[in-house]
Structure formats: C-alpha cells, structure tokens
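First up is the structure itself, then whatever we jot down about it.
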Amino acid sequence: MSGSLLVTGIGELVTNSPGSGDLLGAVADAAVAIGDGVVVWAGPEADLPDEHRGGASIDVGGRAVIPGFVDAHTHLVFGGDRSDEFARRLRGESYRQILAAGGGIHATVAATRRASDSDLIADAAARALRMLASGTTTVEVKSGYGLDTATEVRMLRAAAEVDAATPIDVVPTFLGAHVVDRGSDRDDYLRLVVGEMLPACAPLARFCDVFSDEGAFTVEEARIVLEAGLAHGLRPRIHADQLSHTGAAALAARLGAASADHLDHATPEDAAALREAGTVAVLLPGASFSLRSSPAPGRMLWDAGVTVALATDCNPGTSYVESMPLVVALACLEMGLTPAEALWGATRGGALALEMPDRGWIGPGAIGDLVVLDAPSHLHIPYRPGTALVDTVIKRGEIVAGLRPEADR
Ligand code: NIG
Ligand code: FE
C-alpha cells in the first residue's frame with residue numbers, strides 16, 4: 001500500500017527535522033508532497049515547486065500536521081480483559097499482590113491460551129484500528145501472554161496478521177520471559193525460553209524483551225535471555241525498573257539495548273548510562289496513571305540527555321490505553337515534559353526506539369505517514385486531554401482514517 005498525495009494549507013507543520021533550530025522543526029503555512037508513499041518535498045507552501053502540483057491533493061484549511069505516532073511498546077495481542085482486577089486495585093489491592101496470587105499476567109495467559117486464532121487476530125486488529133484513528137501509524141507488539149512455545153508463536157503470527165490486515169505497521173517483539181509460567185520451575189522455564197521458544201519465535205520477531213523486576217526475572221536472568229536473543233538476531237529491549245529499582249536499566253545500557261522501558265525508579269546514574277549507550281528510554285505514563293503510582297522521572301531523563309520515547313504500553317492489566325494523544329498529555333501533566341518534548345518523544349523518539357530511522361519525521365526520504373489535527377497547533381494535544389483531535393490519518397501517502405467523512409475532505 002502506497003500512494004501519492006499533496007497536502008496543502010497546513011497552518012503548522014511539525015517536521016522533527018534535525019538542524020532546524022527548534023526541536024519540532026515547525027514550519028508555518030506549509031505543504032507536503034508524498035510520492036509512492038515517501039515524502040518528496042516539505043516546506044513553506046509559497047516555495048512548493050510546480051512539479052509537485054497536479055496530482056491528488058487535499059487542503060487541510062490551516063490545521064496542524066504532525067508525523068504519525070510511533071507507539072514503541074504495546075502488548076496488543078491478548079485474550080480476555082482484567083476489568084475485575086482494575087476494580088480490585090481501586091479498592092486497595094496492589095498489582096504485585098494480584099500477580100503473586102496467580103492473577104495479573106497469569107490471568108491473561110490463561111485467557112490467551114483459550115482464545116482462538118481468529119479471536120486473537122480480530123480483537124488485536126480492532127485495537128490497532130482504534131490506534132490508527134487516534135494517529136498511530138506504527139506500533140510495536142509483544143508476545144508474552146503465551147508462556148508456552150505454541151502460544152507465543154500464535155501471538156506473533158497474530159501480530160503479523162494485524163500488520164497484513166490493517167494499514168498500521170506492526171513491529172513484533174518476543175517476550176517469552178514475561179513471567180515464569182505458573183507451576184513451572186524457574187530454571188526449567190528459562191531453559192524453555194532459551195532452548196525452545198527463542199528458536200521457534202526468532203523468525204517471527206525483530207526484538208527480544210524481558211520483564212526484569214520483583215516478581216518477574218532477575219537482572220542476571222534477563223541478561224541470559226537477551227544474550228540468547230542476540231544470538232538469534234533479535235535486538236534487546238527491557239521492561240526495566242518499573243515496580244522497583246533492580247538495575248535492569250544499567251543492564252540495558254551494558255548490552256547496548258535498543259530501549260529500556262518504564263524506568264519509573266530510574267536514577268541519575270541510570271540516566272547517564274543510558275545516554276552513554278545510546279539506549280532509548282521508553283516512558284509509559286499510561287501505566288503509572290492506571291496503577292496510580294509515581295510516574296517515571298521523565299524530566300530528569302530528558303535533562304540528562306537521554307533519548308526519550310513515549311508509548312501506550314497497551315495491555316489488559318496496567319495500561320489499557322490505546323491513545324498516543326492521551327499519552328502525550330500525561331507526559332506533560334504527570335512527568336513535566338513540554339508539549340514539544342512529549343510530541344517529539346511520541347513520534348521521532350518512538351521511531352528511534354524501534355531503530356526505524358525512516359519515520360517519526362517529515363522531510364524528503366521519510367515515510368509518508370502524516371496526521372492532520374483538528375486544531376491549529378500541536379499544543380492542543382496535551383491541552384485538551386481525552387478529546388478526539390485527529391482529523392485525517394495518512395499512511396504511506398494514502399488517507400486511511402479520520403473524523404470527517406471522505407466527502408467532506
Ligand atoms: O508493561 N510490566 C510488565 N508487563 C506489562 C504488564 C502486563 C500485564 O499486567 O498484563 C507492562 O506493564
Ligand atoms: Fe509492557
């Protein structure tokens with residue numbers, strides 16, 4: 001799927017182009033030309049060369065245009081839901097208590113094993129299409145609710161089906177080391193992950209992730225899994241220092257991981273290590289919001305020079321959040337990022353976390369993934385939390401979603 005489209009009448013164009021002075025590389029009164037799914041020109045409309053006129057075009061009437069959101073951390077494929085646990089947590093039980101008692105991730109594992117392939121695919125595709133309608137054009141999707149080889153493989157195949165069946169690009173991650181399966185011996189389970197799941201899942205994934213925390217895997221266990229993943233060609237990323245400070249962010253830096261995610265308990269020393277390693281900090285404010293816990297120190301990480309990305313962590317337990325605009329608002333209001341920093345993190349930061357340099361920005365050579373906001377400025381995203389502000393979504397130069405019916409565009 002790819003198309004050619006000229007977008008004119010852009011009141012504010014967020015390019016994220018490096019070297020333009022301000023972080024967002026914003027251009028007023030702009031136009032963007034997309035040819036065969038790739039941006040071929042972007043800049044002030046007054047400078048638009050004639051060669052880009054004459055084909056399909058839309059005038060967005062002074063609205064703001066941003067790059068498509070890149071959601072770099074989700075658990076999009078799962079069976080069932082955990083609304084009952086949500087209500088229990090509001091009455092005082094903790095996430096860790098529920099997990100230790102065999103609920104939490106284990107409850108979703110049981111529901112995922114029971115679900116048919118077609119239900120897993122249909123439910124995940126429905127979530128992906130809602131994400132697309134809120135401006136997400138690329139989404140990372142993890143396995144990790146199978147905890148046996150057959151179900152981990154089914155989850156990654158379902159992720160591939162969502163990629164094929166919807167306009168959204170899906171980036172698959174193997175998370176066999178999410179928690180130790182109930183009733184399994186720890187060492188046996190690790191041997192299963194490394195010896196059987198990884199060889200079966202590696203051809204279906206691009207990254208290998210581990211949940212390293214109290215109640216999940218130790219830093220040493222995470223190292224073993226991630227090094228085995230590397231041997232199978234999977235780049236590492238880690239659920240790090242979410243519930244407690246375990247040292248997993250430091251491990252991410254030592255391994256040169258693509259990202260360290262969550263980081264609610266990260267320290268200034270962790271920040272220095274991540275910056276030196278070039279490991280992206282993927283922050284998930286929907287999780288701390290839903291758990292009513294302290295958010296990650298986003299301001300500290302940004303000021304320390306770490307590359308920061310923002311993602312939904314969409315999952316049935318800690319963050320059933322599909323909306324990147326809501327995540328941008330939470331990053332501003334709960335973590336103290338500026339609107340520009342938060343938007344950059346949700347677009348360019350996410351692309352860097354997924355090691356996809358062709359997206360998260362708008363300029364010649366970038367993928368033609370654009371979001372037209374029903375607002376004059378990107379500031380409206382955090383300023384109006386929870387409001388549907390996406391007017392039109394353009395994926396590889398084709399209009400794929402939006403608020404307005406086709407006839408009104
Ligand atoms: O990113 N922290 C571990 N994994 C998920 C939660 C998964 C779940 O509770 O189902 C997370 O928050
Ligand atoms: Fe997660």
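Position 1 is the first residue of the sequence, and the numbers go up from there. For ligands, and for the atoms within them, numbers begin at 1 and follow the listed sequence.
Among all protein heavy atoms, the one lying closest to atom 11 (C) of ligand 1 is Asp313 OD2, 3.2 Å. Here the protein heavy atom with the shortest distance to atom 9 (O) of ligand 1 is Tyr95 OH, 2.5 Å. Nearest protein heavy-atom contact of atom 2 (N) of ligand 1 is Gln242 OE1, 2.7 Å. Atom 5 (C) of ligand 1 has as its closest protein heavy atom His75 NE2, 3.6 Å. With hydrogens left out, the protein atom closest to atom 12 (O) of ligand 1 is Thr318 OG1, 2.6 Å, a heavy atom.
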Between Thr112 and Leu120, is the side-chain contact (heavy atoms from CB on, under 4.5 Å) condition met? List the steps.
CA-CA 8 Å; Thr112 303; Leu120 282 181; 4.0 Å; yes

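Contacts between Phe78 and ligand 1 below 4.0 angstrom, taking non-hydrogen atoms only, are absent altogether.
Under the 4.5 Å side-chain criterion, counting only non-hydrogen atoms from C-beta, Thr151 is not in contact with Tyr145. Side-chain atoms of Ser244 and Asp213, non-hydrogen and from C-beta on, do get closer than 4.5 Å to each other. Contact annotation: the side chain of Glu220 approaches that of Ile224 to within less than 4.5 Å [non-hydrogen atoms, C-beta and beyond].
Partners of Ser17 according to the side chain to side chain donor-acceptor pair (under 3.5 Å) rule, which considers only residues two or more places apart in sequence or in another chain, are Thr15.
Of the candidates His73, Gln242, Arg237, Asp261 forms a side-chain hydrogen bond (donor to acceptor under 3.5 Å, both in side chains) with just one, namely His73.
Thr347 and Asn16 are linked by a side-chain donor-acceptor pair at a separation below 3.5 angstrom, with hydrogens and angles left out of the test.
No side-chain donor-acceptor contact under 3.5 Å links Arg186 to the backbone of Val180. Within the 3.5 Å criterion, the main-chain N or O of Gly233 finds no donor-acceptor partner in the side chain of Arg206. Between the side chain of Arg113 and the backbone N or O of Gly146, at least one donor-acceptor pair lies under 3.5 Å.
The ligand atoms of ligand 1 that sit less than 4.0 angstrom from a heavy atom of His178 are 3 (C), 4 (N), 5 (C), 7 (C). Atoms of ligand 1 found under 4.0 Å from any heavy atom of Tyr145, numbered from 1 in the order shown, are 7 (C), 8 (C), 10 (O). Atoms of ligand 1 found under 4.0 Å from any heavy atom of His73, numbered from 1 in the order shown, are 1 (O). Close approach of ligand 1 to Asn315 (heavy-atom distance below 4.0 Å) involves ligand atoms 6 (C), 7 (C), 8 (C), 9 (O), 10 (O), 11 (C), 12 (O). Annotation for ligand 1: atoms under 4.0 Å from non-hydrogen atoms of Arg82 are 8 (C), 9 (O), 10 (O).
The cationic atom of Arg127 (NZ for Lys, CZ for Arg) lies less than 6.0 Å from the six-membered ring centre of Phe78 and within 45° of the ring axis.
Around the Fe ion (ligand 2), the protein contributes the following N, O or S atoms under 2.8 Å, ordered by chain and number: His73 NE2, His75 NE2, His239 NE2, Asp313 OD1.
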